[in-house]
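What follows is a short report on a single structure.
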Amino acid sequence: MNTTQLVQEIKKKKSFLCIGLDVDLNKIPQYLLEEEDPIFAFNRAIIDATHHLCVAYKPNTAFYEAYGLKGWKSLEKTINYLNKKYPEIFTIADAKRGDIGNTSTMYAKAFFEDLAFDSVTVAPYMGKDSIEPFLAFEDKHTILLALTSNQGAYDFQTKAVDGKELYKQVLETSKTYKNSKNLMYVVGATKAKFLADIRQIIPDSFLLVPGVGAQGGNLQDVCKYGMNSQVGLLINSSRGIIYASKEKDFAQAAALKAEELQKQMAVELNRHF
Ligand SMILES: O=c1ccn([C@@H]2O[C@H](COP(=O)(O)O)[C@@H](O)[C@H]2O)c(=O)[nH]1
């Protein structure tokens with residue numbers, strides 16, 4: 001999916017919500033554990049109940065890798081289900097990969113070819129030759145960690161190197177990479193006050209913004225400082241939506257939580273456009 005199609009979906013649904021599929025078997029309704037594949041059964045129910053309220057889903061691969069081969073199979077079934085039943089949805093593998101070039105190529109093949117995600121999150125620390133193998137996939141998006149939502153972001157990302165904060169150097173340098181038009185960036189909702197500066201450097205890029213809800217980020221602040229003329233935002237919520245209930249009504253409860261955010265997004269879209 002390209003960004004023009006993504007923006008069309010956002011305008012159609014009046015939503016730039018990304019739902020995080022971070023499935024923890026201790027947190028899902030216990031009756032689902034009797035299913036052959038409880039993780040996929042959970043995801044399918046959440047997706048069917050919420051797809052009209054969001055434009056993207058983001059499984060964090062840690063929650064699948066933690067269950068070994070079974071978990072990876074659940075991830076595969078989830079992406080196949082999304083691609084087949086809801087091809088209009090933008091898919092993000094939150095895997096935070098990046099390595100020397102030939103290894104990055106293999107990571108890119110894993111997420112873009114084998115699993116057919118639209119995008120994958122990548123860490124910038126190893127630089128150009130670790131990122132360009134992902135960008136070589138012309139019709140896919142590489143989502144670079146710029147300024148993360150956690151407290152540890154202040155350890156390195158906001159520190160000045162040669163007089164400029166590291167996250168700003170990541171943004172500026174990444175614009176020089178081959179196929180940089182296919183870059184998006186992660187900026188935590190907890191870092192909304194940085195968004196005005198970030199937009200000076202990357203006015204047109206899409207931002208994946210995790211950290212609303214459970215981590216305390218504020219949707220309105222993110223929109224105020226981060227929205228651009230093409231919306232330019234995908235705001236993620238995982239736990240705040242998918243664990244709204246541990247009972248049989250879990251999918252409906254998730255839909256209600258997603259709808260709360262979608263309605264706030266509709267207000268923001270009306271305000272900006
Ligand atoms: O800076 C970052 C980068 C990634 N994440 C991931 O997003 C979700 C957030 O989950 P919530 O339950 O809505 O807090 C999760 O997968 C994180 O690993 C992030 O939070 N911050």
Side chain proximity check, [X] to [Y], heavy atoms < 4.5 angstrom:
X: Met126; Y: Ile131; result: no
X: Val23; Y: Tyr64; result: yes
X: Tyr67; Y: Ser74; result: no
X: Ile235; Y: Met265; result: yes
X: Leu17; Y: Val55; result: no
X: Leu233; Y: Met227; result: yes
X: Leu234; Y: Phe90; result: yes
X: Leu195; Y: Val187; result: yes

Sequence neighbours left out, what passes salt bridge (charged side-chain N to carboxylate O under 4.0 Å, His left out) with Lys27? Give chain and number order.
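Lys27: no salt bridge (charged side-chain N to carboxylate O under 4.0 Å, His left out) contacts found.
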Measure the spacing between [atom1] of [X] and [atom2] of [Y] and express it to the nearest 0.5 Å.
X: Ile79; Y: Asn83; atom1: CD1; atom2: CG; answer: 4.0 Å
X: Gln30; Y: Leu25; atom1: CD; atom2: CG; answer: 8.5 Å
X: Leu269; Y: Ser15; atom1: CG; atom2: OG; answer: 8.0 Å
X: Asn43; Y: Leu32; atom1: CG; atom2: CG; answer: 10.5 Å
X: Phe63; Y: Glu65; atom1: CZ; atom2: CD; answer: 11.0 Å
X: Leu82; Y: Ile89; atom1: CG; atom2: CD1; answer: 7.0 Å

Has the side chain of [X] got a donor or acceptor atom that lies under 3.5 Å from a matching backbone atom of [Y]?
X: Asn228; Y: Gly232; result: yes
X: Gln157; Y: Tyr167; result: no
X: Gln5; Y: Asn2; result: yes
X: Lys13; Y: His51; result: yes
X: Lys58; Y: Cys18; result: no
X: Arg199; Y: Gly226; result: yes
X: Ser174; Y: Val170; result: yes
X: Gln262; Y: Cys54; result: no
X: Tyr185; Y: Ile202; result: no
X: Thr50; Y: Ala255; result: no

Charged N-O contact under 4.0 Å between [X] and [Y]:
X: Lys168; Y: Asp197; answer: yes
X: Lys77; Y: Asp37; answer: yes
X: Lys164; Y: Glu172; answer: yes

Do [X] and [Y] share a hydrophobic cluster, counting only Ile, Leu, Val, Met, Phe, Trp and Tyr and linking them when any side-chain heavy atoms are less than 4.5 Å apart?
X: Val7; Y: Phe273; answer: yes
X: Leu135; Y: Ile100; answer: no
X: Leu166; Y: Leu147; answer: no
X: Tyr225; Y: Leu219; answer: yes
X: Tyr243; Y: Ile19; answer: yes

Heavy-atom closest contact ([X] atom, [Y] atom, distance):
X: Ala49; Y: His52; result: O-CE1, 3.1 Å
X: Ala251; Y: Ala45; result: CB-O, 3.6 Å
X: Ala56; Y: Ile92; result: CB-CD1, 4.5 Å
X: Val120; Y: Phe112; result: CG1-CZ, 3.5 Å
X: Thr105; Y: Pro133; result: OG1-CB, 3.4 Å
X: Thr121; Y: Lys96; result: OG1-N, 2.9 Å

Verdict with reasoning, Leu21 to Ile47, per side chain to side chain contact (heavy atoms under 4.5 Å, CB included):
CA-CA 9 Å; Leu21 298 172; Ile47 292 165; 4.1 Å; yes
Would you say [Y] and [X] are linked by a side-chain donor-acceptor pair, where the criterion is simply a distance under 3.5 Å?
X: Ser130; Y: Asp99; result: no
X: Gln215; Y: Thr190; result: no
X: Asn236; Y: Ser238; result: yes
X: Thr173; Y: Gln169; result: no

Can you confirm whether or not the ring centre of Phe250 sits under 6.0 Å from the ring centre of Phe42?
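Yes; Phe42 has its ring centre under 6.0 Å from that of Phe250.
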Assess the residue pair Gln220 and Gln264 against the criterion (side chain to side chain donor-acceptor pair (under 3.5 Å)); give the C-alpha distance rounded to whole Å, side-chain angles, the decisive distance to 0.1 Å, and a yes or no.
CA-CA 8 Å; Gln220 286 70 25; Gln264 292 178 44; 3.1 Å; yes
Between Tyr31 and Lys248, is there a cation-pi geometry (under 6.0 Å to ring centre, at most 45° from the normal)?
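Flagged: Lys248 positioned over aromatic ring of Tyr31.
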Axial cation check for Phe40 ring with Lys73, 6.0 Å and 45° limits:
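Judged by the rule, Lys73 and Phe40 form no cation-pi pair.
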Passes side chain to side chain contact (heavy atoms under 4.5 Å, CB included), Arg97 versus Ser104? Steps please.
CA-CA 8 Å; Arg97 299 298 150 105; Ser104 274; over 6 Å; no
For Met184 and Leu208, what are the C-alpha separation, side-chain angles and deciding distance, and is it a side chain to side chain contact (heavy atoms under 4.5 Å, CB included)?
CA-CA 7 Å; Met184 296 182 175; Leu208 170 63; 5.9 Å; no
Identify each donor-acceptor pair in which a side-chain atom of residues 136-146 lies under 3.5 Å from a protein atom, sequence neighbours left out, and give them as a table.
unit_1, atom_1, unit_2, atom_2, d
Glu138, OE2, Asn179, ND2, 3.4
Lys140, NZ, Phe117, O, 2.9

Can you list the steps and then say if Asp48 with Tyr81 is a side chain to side chain donor-acceptor pair (under 3.5 Å)?
CA-CA 10 Å; Asp48 286 344; Tyr81 186 71; 2.7 Å; yes
Neighbour count above 12 (heavy atom, 6.0 Å) for [X] [atom1]:
X: Lys70; atom1: NZ; value: no
X: Tyr154; atom1: OH; value: yes
X: Lys263; atom1: NZ; value: no

